[in-house]
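Order of appearance sets the numbers: ligands from 1, and atoms from 1 within every ligand.
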Amino acid sequence: MTPLRHRVAVLGGGISGLVSALRLLQQGKHVTIFEASGELGGLGSTFEHEGHAMERFYHVMLNSDENLLPLLQELDLEDRIVWKETKMGFLHGKKLDPFNTPLDLLNFGGLSLWGRIRTAIGGAYIAKFCNDPKGLDSISVSEWLEGLFGAEVFNRLWKPLLRAKFGDLFEEVPAYWFWSRLRREKGGTKEVKGYVRGGYRLIAERLEKEIHRLGGDIRMRTPVFAIQDTPWDVQLNVSGRWEAFDAAISTLPIPVLGNIARGPLANMLPNKNLIYQGVVNAVVIMKKRLQPYYWNAIVKKDYPFQGLVETTHVVPSSQTGGRHLVYLLNYCQADSDVYNQTDGDIRFQALKALRDFNSKFQPDWVEDIKVFRTPFVEPIWPLGYQKLKPRMRVGDSRVYLATTAQCYPNVNSWNTMVGIASDTAARVKFDLDNVYNARNRAEQSLAQSH
Ligand SMILES: Cc1cc2nc3c(=O)[nH]c(=O)nc-3n(C[C@H](O)[C@H](O)[C@H](O)COP(=O)(O)OP(=O)(O)OC[C@H]3O[C@@H](n4cnc5c(N)ncnc54)[C@H](O)[C@@H]3O)c2cc1C
């Protein structure tokens, strides 16, 4: 009997969808990707400016990215990675201070002398003694940080940064997330970030090429409108009709999947009430460098943005035609006022805000400002999330997940999602092969008994 080639549907053509598809194809499955938009790469996708592809949201990699770097090697992109040492700045009041070395901390004007000493002691304590995250999932990050650093450092340094990332719900975020993030960012002695010449678009293009070479099917501008699980298959409603598959991997945010799930699948979905943080950012395309740091935290009253990232400290100038890219961002929920400001208002605020980073700034340094939003970046992790985290398989259905809601406690990144997508694809293969073998054995014994 010729073995069946299982058909798997992948919902979404971001990094998770592309890697899920690649791994399934490598394991002999037939795969169809359904992507709603006209571009692959999801949150890592790009826009064009004067013939140059630039990321809609800032994206770089770390030299500790244990899943992404081997993938880039596999795609023959390793030689195209450029690594740059980066620095962090801190805008507080009217001052932009570096915030990288013990000397920077000693000179940091945003804290009292005692606050600076507490920061140094707290940081050293975490680096030396907090090797075991046990228990941190059920302690709130605010309780943990205030205990370690004291009220002044917490209120003046950590609280504004946490609020910037998670809004007013930051109190509920587990310390485990913060611990994991500190370890990722400051794993080495120097902070080094990387970027592939050709950009994130090139990574997606190489994945697309490999998927096609292995016989995979990619359907662009094809949103999945509904999905249902039956005893025999999983069915997707696309382009006005239902299509059946042996299994499906969803890379969509949980609320988006919740909106399209039909029948018993809808009840099986985990964490339907997760609250997601979105982001809105202005990408300022400039003729001159604005300021010296890659990433800047902003603790300044009434400043209209929470962070400023000048990616061209890492992104090579060949990528942008010599232009400098400054991302001014606000993490916020999709129903907030900040998220729903008009593009015109955001552009106006951006032009005003840049002067705080460089008093010599002139509006004629700016070539263009683009505004991008996305409602689902990652969930605002609730306390005890380790237990709530969605599993790979939705109940006992044929629907599997490779979505950012699973990355906790790791940082939401391409690196983390490559790992999750590969694991989910392996699980789908395992389950399909077992189902297939079991069905085959049952059919054979039935045939023998007749
Ligand atoms: C501001 C910002 C900065 C970031 N910085 C970094 C960074 O520096 N480094 C890093 O590694 N990561 C970074 N990330 C995180 C990174 O973008 C994510 O981890 C990653 O892109 C998630 O990939 P994904 O494929 O899981 O989801 P997504 O990229 O969201 O892909 C989901 C895809 O599904 C499609 N889709 C949605 N609904 C449907 C439907 N009904 N039918 C079919 N398709 C559908 C969407 O169009 C999309 O293409 C950043 C993210 C943001 C927002």
Participant: Geometry only, no angles: is Ser16 polar-contacting ligand 1 at N/O separations under 3.5 Å?
Facilitator: yes
Participant: Tell me whether the rings of Tyr200 and Trp414 are parallel (<30°), tilted (30 to 60°) or perpendicular (>60°).
Facilitator: perpendicular
Participant: Within the structure, does Val60 bring an N/O atom to less than 3.5 angstrom of an N/O atom in ligand 1?
Facilitator: yes
Participant: Do Phe99 and Phe108 make the cut of ring centroids closer than 6.0 angstrom?
Facilitator: yes
Participant: Test Trp158 against every option in Phe170, Phe166, Phe149 by the ring pair (Phe, Tyr, Trp, His ring centres under 6.0 Å) rule and name the one that passes.
Facilitator: Phe149
Participant: How close do Arg398 and Pro231 get, counting heavy atoms only, and between which atoms?
Facilitator: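 In terms of heavy atoms, the two residues are closest at NH2-O, 4.0 Å.
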Participant: Would you check the N or O atoms of Gly17, main chain and side chain alike, for any that come under 3.5 Å of an N or O of ligand 1?
Facilitator: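 Looking only at distances, the answer is no, because the N/O contact criterion of under 3.5 Å is not met.
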Participant: Considering only heavy atoms, which of Met417, His59, Met220, Arg219 lies nearest to atom 13 (C) of ligand 1?
Facilitator: His59
Participant: For ligand 1, which is the ligand I care about here, please tell me if Val256 has any N or O atom under 3.5 Å from one of the ligand's N or O atoms.
Facilitator: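 So ligand 1 has no N or O lying under 3.5 Å from an N or O of Val256.
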Participant: We want to know whether Tyr408 and Asp137 form a side-chain donor-acceptor pair, criterion being a heavy-atom distance below 3.5 angstrom.
Facilitator: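 Side chains of Tyr408 and Asp137: pair found under 3.5 Å.
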Participant: Test your reading of the structure: does Glu39 have an N or O sitting under 3.5 Å from an N or O of ligand 1?
Facilitator: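 Not met; the criterion fails.
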Participant: Using atom types as modelled and distance alone, determine if a side-chain donor or acceptor of Tyr385 lies under 3.5 Å from a backbone N or O of Ala405.
Facilitator: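 The answer is yes, because a donor-acceptor pair under 3.5 Å joins these two groups.
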Participant: Taking atom CZ of Arg23 and atom CG of Leu214, what is their separation to the nearest 0.5 Å?
Facilitator: 10.5 Å
Participant: What atoms of ligand 1 come closer than 4.0 angstrom to any heavy atom of Tyr331?
Facilitator: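 Checking each atom against Tyr331, I get 1 (C), 2 (C).
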Participant: Quick one: look at Phe34 and ligand 1, take heavy-atom pairs under 4.0 Å, and tell me if it's side chain, backbone, both or neither.
Facilitator: backbone
Participant: Strictly by side-chain hydrogen bond (donor to acceptor under 3.5 Å, both in side chains), give each pair with a member in residues 212-231 just once, sequence neighbours left out.
Facilitator: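 Matches after skipping sequence neighbours: Glu210-Arg213, Arg219-Glu243, Gln228-Gln235, Thr230-Asp233.
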Participant: At a 4.0 Å threshold, what atoms of ligand 1 neighbour a non-hydrogen atom of Pro223?
Facilitator: 42 (N), 43 (C)
Participant: Polar-atom distance check: Leu252 versus ligand 1, any N or O pair below 3.5 Å?
Facilitator: no
Participant: Could you list the atoms of ligand 1 found under 4.0 angstrom from a heavy atom of Gly42?
Facilitator: 29 (O), 31 (O), 48 (C), 49 (O)
Participant: Would Leu43 count as a polar contact of ligand 1, with the cut-off being nitrogen or oxygen pairs under 3.5 Å?
Facilitator: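 Such a contact does occur with ligand 1.
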Participant: Which atoms of ligand 1 are found less than 4.0 Å from any heavy atom of Gly12?
Facilitator: 33 (C), 34 (O), 35 (C), 44 (N)
Participant: For ligand 1, indicate whether the residue Trp295 contacts it via side chain, backbone, both or neither (heavy-atom separation under 4.0 Å).
Facilitator: neither
Participant: Taking 4.0 angstrom as the limit and counting only heavy atoms of Glu35, give me the atoms of ligand 1 inside it, by number and element.
Facilitator: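 In order of number, 33 (C), 34 (O), 35 (C), 44 (N), 46 (C), 47 (O), 48 (C), 49 (O).
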Participant: Using a heavy-atom cut-off of under 4.0 Å, does the side chain or the backbone of Tyr58 touch ligand 1, or both, or neither?
Facilitator: both
Participant: Of the choices Asn412, Val224, Leu257, which has the non-hydrogen atom that lies closest to atom 41 (N) of ligand 1?
Facilitator: Val224
Participant: Side chain, backbone, both or neither: which applies to Val377 and ligand 1 if a contact is any heavy-atom pair less than 4.0 Å apart?
Facilitator: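 The side chain, only.
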Participant: Which is closest to atom 11 (O) of ligand 1 in terms of heavy atoms, Tyr195, Phe225, Trp414?
Facilitator: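 Heavy atom nearest to atom 11 (O) of ligand 1 belongs to Trp414.
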Participant: Only counting residues at least two apart or in another chain, list the ones meeting side chain to side chain donor-acceptor pair (under 3.5 Å) with Thr101.
Facilitator: Asp104
Participant: CG/Leu24 to NE2/His30 distance, rounded to the nearest 0.5 angstrom?
Facilitator: 11.5 Å
Participant: Determine yes or no for a side-chain-to-main-chain donor-acceptor pair under 3.5 angstrom, with Asn296 supplying the side chain and Leu91 the backbone.
Facilitator: no
Participant: Contact between Leu11 and ligand 1, counting heavy atoms under 4.0 Å?
Facilitator: no
Participant: Fit a plane to each ring of Tyr176 and Trp179, take the angle between them on a 0 to 90° scale, and name the class: parallel (under 30°), tilted (30 to 60°) or perpendicular (over 60°).
Facilitator: tilted
